[in-house]
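Because the structure is a prediction, the values reported are computed rather than measured. What's counted below: heavy atoms across the whole structure, side chains too, no hydrogens, waters or symmetry copies. Chain naming here is simple, since letters A, B, ... match the order of the sequence lines and numbering starts at 1 in each.
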Amino acid sequence: MGIFTAGPALSGMDYDPQAIEERWRQRWREEGRYEADPAEGADGDDATFVTVPYPYPSGGMHIGHARTYTVPDAYARYRRQQGDNVLFPMAWHVTGTPIIGAVERLKKGEAEQLSVLQDTYNVPEEDLSDLETPMGFAEYFIEEHYKKGMKSLGLSVDWRREFTTNDERYSKFIEWQYRTLKEKGLVEKGLHPVNYCTDEEQPVTTHDLLEGEDAEFQEYTLVRFRGDSPDNGDADRAGASDDGDAVFPMATLRPETVRGVTNAYVDPEATYVRASVDGETWVISADAAEKFDLQDREVEIEAEFAGEAIVGTTVANPITGDDVLILPAGFVDADNATGVVMSVPAHSPDDYVALQELQARADDLTAYGIDPDAVRAIEPIPILSIEGYGEIPAKSAVEEHGIASSDDPALEEATNDLYNAEFHSGVLNDEYGEFAGEVVEDVRDAFREHHAGDAFDTMQEFSEEVVCRCGGDVEVAYQETWFLRYNDEEWREKTLRAIENLDAIPENTRGEYEHTVGWLNEWPCIRNYGLGTRLPWDQEFVIEPLSDSTLYMSYYTVAPHIQDVPVEDLDHEFFDAMFYGADAVDDADPKALELGEEWDYWYPVDYRFSGNDLITNHLTFYLYHHAEFFPEPKWPQGIVVMGMGLLEGQKMSSSKGHVVLPGEAIERFGADTVRFFLLNASEPWQDYDWREDAVESTHDQLRRFYNRAQELIEGPAGDRDAVTDVDRWLLSKLQATIETATDAMERSETRTATQAAFYGFDEQLKWYRRRADLDRPGARWTLRHVLETRLRLLAPFTPFMANELHEKLTGTPAEDAPWPEVDDDLRAPDLELAEERVQALVDDINEVADVTDTDPETIRIYAAADWKRQVFDAVREVGADVGAVMSEVMSDPDLRERGNEVNEVAQDAVEFARDYDDEELADLLAMDEQAAYENAAAFLEREFGADVEVYAEDDADVVDPADRAGNAIPFRPAIYLE
RNA sequence: GCGAGGGUAGCCAAGCUGGGAAACGGCGGCGGACUCAAGAUCCGCUCCUGUAGAGGUCCAAGGGUUCAAAUCCCUUCCCUCGCACCA
């Protein structure tokens, strides 16, 4: 055994992320490395406060969540190296119903839920029982997933500050927030449409739905036709009362078509009622009566009868006064809207076909006591004109689609097309008075408004069937609720100002915030049940999740110390004193003032990092509340919005098990690899794709980096005084790298920063390794200096590895070393330009060798003659304009003699010069080109395994067997391979 | 429909905020060096043509502005996300 089982100890320095990372995690834990407290006597100028929405532990953490927290961590680490005192806290959002729902599904033993828990998130069988209470459930995922995951990732979180939104002290804070809002009149009571399960008799959330999750509330216009109502339950219309005053509300989404109504439909089989609705007599379906009851109308059913009972009666159009006939139709759904439908055959393909079919069998209608001739006499009434359709648009549409009957599937398309066309380009006829000649789109709302109250009424209805998980029918109900008045003008103004001041990253999100403020209405901020804080003045309600997460970043600043304050002391005055100072209350609690100081030190939030999907609610709410509660200097300074994550090109989905858990990824690749990949895959706001092959390759790159660094650290220190031009060239490139990375991090561009510090600079190093003799003391020093700088640049992204190596190299961890600054003395633009020429030369030689398929034994290089440089000089003087250059150059008699030759060089020079600015051109012209190639000759000989000879084009002893030398132009030497 | 962001070589992905002419990188593929060999590493090639560093045709499609466009403008097609009371 022995040698075969143990395997060779690979050089002993191979990259072992698990071991390195565990050491640092332990060290951070023991040192309390990221516990941030205000510096003694400091005013907060050095404070940076970074937050991220607290996770919602209704399930486990996956790699998509990991990035949300890693990006702010990288920024926090960057600011620490810049010398800031940085606070990056974390807490847990448990408010509302999702956790409760998850627990219930677990307790019911739902297969899907069990699969998510056990297969996706690896909850062991024996732990399942701990998950049967909401807080037990939350606790499990907080401890076993989120916290473990975050700690493994090396997030620089101050863990002393964690809390859950179900904590009693947090609730005291939320109570203060909502009492304050109420005092300001920004929380009000009112009616709001909600999803209401008619079986459970309570409001339900989207998550409670079995069907119709995508259903929208639609506001129907009810056209109040009037007519006689039946007065009893018999299907005998002889008993109809002659009041002529009952309302037959007909629901439509196109109120402007009211003038085109030719008849109405009801389902003769369905149950209808005569009911008193808000004191009026209405005739509607029984289902509709229930809906109106839920929508806060006073409904009293007076009589019940089959639809048949009203078939054949006439009702009067409230706009035109015309009488229309009620006809029977099987397609009427009594459970949709009012169950009484108006028919506009000129503009609705459905109605057009239905009418035709009905007219074809008009004789059958005598059974309802209807005169067939009256039905046959019905003609479509057009109310608008539209290009591309005939006088009767519905007729054109039906004919064009070749529709023969009402069960033709093409009918739906025809209807959609026509509705769309009419909405956007239908012009109303003359009868519309002040609305005549207008396009529907522009006047529909005004038209409806115009007739609201008398001819028109409204109701809410879902756009599709909605069914509760319990199997019950879900209807739109109006509920008494407390809501936040996000449409309050003053509040809006303040919030818009907050948006103006905001550093919105990326910048194009600013408009989205503004847009959101524009359309945001009242927001119901309470639920009937759920975890969280009860509304202080109405204990039966709970403040909902998007409403109790708007100001809480303040709470982080005092979270550890507030634990020492007895809960009962945390009254309204306490928080008033804490946030608004001693003068805000009569008798300020000294503890409150003390906490207030810490708040004042950390606030405002410098950057909040959050998903881009939250702009339209959470993030905008956050701005609203801060704008209202705090003075301008405490408003949010910046928001960085984050993109979505994909897994192997597909959406992640915990229910499908299509997720990667951070713990598993870290175990396999190491936390640095996971972090680096997440930070480098794209900029924070862009979407990214977790692809295993790419992660693997990232891991390989880090390993290579680590091993190379190890070698350097173990090798000799070198000598700064021995550096040569190549070394200076590399050091100059390093300065540009520092500059790029720094600028990028100021804008949270983690991809650009890592790309520059890692991959970008690797390219330079690659060249340097080819070019330079690495055993020289000057090179050793350079490489170690470069390594030290890069480790500091990489510390925010790969803190474990960077710390480990930096400490070995210098004695201090990278995170304790300052962020590198550009050293202008190390910039050498002239060397960079010269080196660029050598690189271009290598490329050219390669190309020629490749095209001619030769392996040269001798390479001859010819630098351009001096007179050609004069032409270049002219370009620098007069600019990249061939004409101007020529006239300048032709004043020189020597050059004038060369005529055409000069012209050619001038053209090349102008083209070349376009890539460089004046300074660079001056540097180029100052360089001794031939010397640069001569200095590179040894290198070129190594590279190509050939002899290299360098000449000036016009040397007396130039060897030019193939007559190439004349091709030379400045900075582009002629070459000949043989 | 409204709002936002996109469509770049086999794949991923820069460049598109100050228009300059094959377009950074990476993966994959091909060839080579090193090696007993594999891996790792290094070098070259990877749109078409080409025995001299070139020419041709390109950046969803079409049109326009310009000496010059992936980059600016217009039109069309396609994809992703949000449109709420849900985290």
Side-chain angles (χ1 to χ4, degrees), chain A residues 10 14 53 55-56 58-59 93-99 101 192-195 203 205-209 213 216-217 416 419-420 423-424 441 479 481 483-484 486 506-509 511-512 515-516 518-527 544-547 549 611-618 620-621 641 643-644 646 649 651 680-682 685-689 691 693-694 696-698 700-701 703-704 707-708 751-752 755 759-760 762-763 766 769-770 840-855 880 911 914-915 943-945 962 964 967 972-977:
Chain A
L10 288 167
D14 206 48
Y56 202 98
S58 58
H93 201 193
V94 300
T95 305
T97 56
I99 292 174
H192 257 264
V194 297
N195 298 341
T205 70
T206 314
H207 292 280
D208 298 322
L209 301 180
E213 279 182 66
E216 291 171 23
F217 294 141
N416 278 337
Y419 279 23
N420 243 325
F423 182 64
H424 294 293
E441 182 174 12
Q479 273 258 314
T481 189
F483 56 81
L484 288 161
Y486 288 135
E507 178 58 37
N508 62 26
T509 55
E512 279 200 74
H515 185 246
T516 304
W519 63 252
L520 217 44
N521 265 314
E522 294 110 357
W523 181 272
C525 60
I526 53 161
R527 289 297 105 86
E544 64 87 39
L546 280 167
S547 299
S549 55
N612 56 14
D613 52 330
L614 296 182
I615 290 176
T616 50
N617 47 50
H618 166 72
T620 301
F621 295 177
V641 141
M644 297 282 130
L646 297 175
K651 259 192 188 167
N680 178 257
S682 64
W685 55 87
Q686 297 173 319
D687 292 351
Y688 66 99
D689 189 3
R691 290 196 340 215
D693 58 346
E696 238 164 79
S697 134
T698 302
D700 289 344
Q701 303 276 11
R703 179 165 46 72
R704 194 186 326 171
N707 292 342
R708 283 220 169 103
R751 178 183 156 84
T752 305
Q755 202 70 20
Y759 294 110
D762 250 1
E763 289 290 306
K766 219 160 142 182
R769 281 193 208 97
R770 283 164 73 179
L841 179 56
V842 169
D843 284 348
D844 278 347
I845 295 171
N846 265 324
E847 167 137 25
V848 173
D850 185 51
V851 170
T852 59
D853 199 22
T854 51
D855 186 6
E911 193 163 324
R914 274 207 270 258
D915 291 336
E943 279 286 303
F944 294 100
R964 304 281 180 188
N967 292 341
R972 189 99 199 273
I975 52 186
Y976 178 61
L977 310 187

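- Across all strands shown, D853(A) has no heavy atoms under 4.0 Å from either base or sugar-phosphate atoms.
- Between rC24(B) and rC12(B), the two C1' atoms lie 14 Å apart (nearest whole Å).
- For the P atoms, the distance from rC48(B) to rG39(B) is 27 Å, rounded to whole Å.
- R769(A) comes within 4.0 angstrom of nothing in the nucleic acid, heavy atoms only.
- With C1' as the reference atom, rA13(B) and rC59(B) are 13 Å apart, rounded to whole Å.
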*Do S547(A) and L484(A) pass the side chain to side chain contact (heavy atoms under 4.5 Å, CB included) test, and can you show the C-alpha distance, the side-chain angles, and the key distance before you say yes or no?*
CA-CA 9 Å; S547(A) 299; L484(A) 288 161; 3.9 Å; yes

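- Residue contacts shown for R527(A) are limited to sugar-phosphate atoms, with no base heavy atom under 4.0 Å away.
- Between the CG atom of D689(A) and the C1' atom of rG26(B) there is a distance of 14 Å, rounded to whole Å.
- The side chain of D613(A) lies closest to rG82(B) when the candidates are rG82(B), rC43(B), rG53(B).
- Comparing the C1' positions of rC85(B) and rC11(B) gives an interatomic distance of 42 Å, to the nearest angstrom.
- Residue R972(A) places its side chain closer to rA54(B) than to any other of rA54(B), rA52(B), rG5(B).
- Residues I975(A) and N521(A) each lie close to RNA chain B; by heavy-atom proximity, the contact nearer the 5' end of the strand is made by I975(A).
- D855(A) has its side chain out of reach of F944(A): every pair of non-hydrogen atoms, C-beta onward, lies at least 4.5 Å apart.
- Here P973(A) lies in heavy-atom contact (under 4.0 Å) with a base.
- Residues W519(A) and T616(A) have side chains in contact (heavy-atom distance under 4.5 Å, counting atoms from C-beta outward).
- rA9(B) makes up no base pair with any nucleotide shown, lacking Watson-Crick or G-U wobble contacts both under 3.5 Å.
- Across all strands shown, Q686(A) has heavy atoms under 4.0 Å from sugar-phosphate atoms exclusively, and none from any base.
- Within 4.0 Å of I615(A), counting heavy atoms only, lies no atom of the nucleic acid at all.
- rU80(B) and rA4(B) make up a base pair, with Watson-Crick or G-U wobble contacts both under 3.5 Å.
- Nucleotides rG10(B) and rC30(B) place their C1' atoms 14 Å apart, quoted to the nearest Å.
- Remark: rU41(B) base-pairs with rA33(B); criterion is Watson-Crick or G-U wobble with both hydrogen-bond distances under 3.5 Å.
- As judged by a 4.0 angstrom heavy-atom cut-off over every strand, E544(A) is placed among residues touching the sugar-phosphate backbone only.
- Out of rG82(B), rC81(B), rC86(B), the shortest distance to the side chain of N617(A) is found at rC86(B).
- The side chain to side chain contact (heavy atoms under 4.5 Å, CB included) test with V641(A) singles out one residue from D613(A), N612(A), L614(A), and that residue is N612(A).
- One atom, CG of N680(A), and another, P of rC27(B), lie 13 Å apart when rounded to the nearest Å.
- When both distances must be under 3.5 Å, the Watson-Crick or G-U wobble mate of rC47(B) is rG56(B).
- The nucleotide whose nearest atom lies closest to any side-chain atom of V851(A) is, among rC42(B), rA52(B), rA14(B), rA52(B).
- Across all strands shown, rG18(B) forms no Watson-Crick or G-U wobble pair with both distances under 3.5 Å.
- Nucleic acid contact for Y976(A): base, since at least one base atom lies under 4.0 Å from a heavy atom of the residue.
- Rounded to an integer number of Å, the gap from CD of E696(A) to P of rA40(B) is 11 Å.
- When heavy atoms are screened at a 4.0 angstrom cut-off, W685(A) is found touching no nucleic acid atom at all.
- Nucleotide rC72(B) forms a Watson-Crick or G-U wobble pair with rG64(B), both donor-acceptor distances falling under 3.5 Å.
- Comparing rA52(B), rG44(B), rA14(B) by their closest approach to the side chain of R751(A) singles out rA14(B).
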*asked:* Please evaluate residues E512(A) and T509(A) with respect to the criterion side-chain hydrogen bond (donor to acceptor under 3.5 Å, both in side chains), reporting the C-alpha separation (whole Å), side-chain torsions for both, the decisive distance (0.1 Å), and the verdict.
replied: CA-CA 5 Å; E512(A) 279 200 74; T509(A) 55; over 6 Å; no

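- Under 4.0 angstrom from either OP1 or OP2 of rA4(B) there lies no side-chain N or O belonging to N612(A).
- Each of R704(A) and G96(A) has a nearest nucleotide on RNA chain B; the 5'-most of these lies closest to R704(A).
- N508(A) places its CG atom 18 Å from the P atom of rC81(B), with the value rounded to the nearest Å.
- For the pair K651(A) and rU80(B), the criterion of a side-chain N or O lying under 4.0 Å from OP1 or OP2 is not met.
- Rounded to whole Å, the separation between the P atoms of rU46(B) and rA23(B) comes to 11 Å.
- The side chain of L977(A) lies closest to rA52(B), out of rA4(B), rC81(B), rA52(B).
- Base contact: P524(A) has a heavy atom under 4.0 Å from a base atom.
- Nucleic acid contact for A962(A): none, since no nucleic acid atom lies under 4.0 Å from a heavy atom of the residue.
- Rounded to the nearest Å, the gap between the C1' atom of rG5(B) and that of rG19(B) is 23 Å.
- Picking from rG50(B), rG82(B), rC27(B) the nucleotide with the shortest atom distance to the side chain of D693(A) gives rC27(B).
- The nucleotide whose nearest atom lies closest to any side-chain atom of W523(A) is, among rG5(B), rA52(B), rC86(B), rC86(B).
- Here, rG6(B) and rC74(B) have their P atoms 15 Å apart, quoted to the whole Å.
- Among the nucleotides rG53(B), rC43(B), rG5(B), the one closest to any side-chain atom of V848(A) is rG53(B).
- In the set rA4(B), rC11(B), rC45(B), rA4(B) carries the atom at the smallest distance from any side-chain atom of E512(A).
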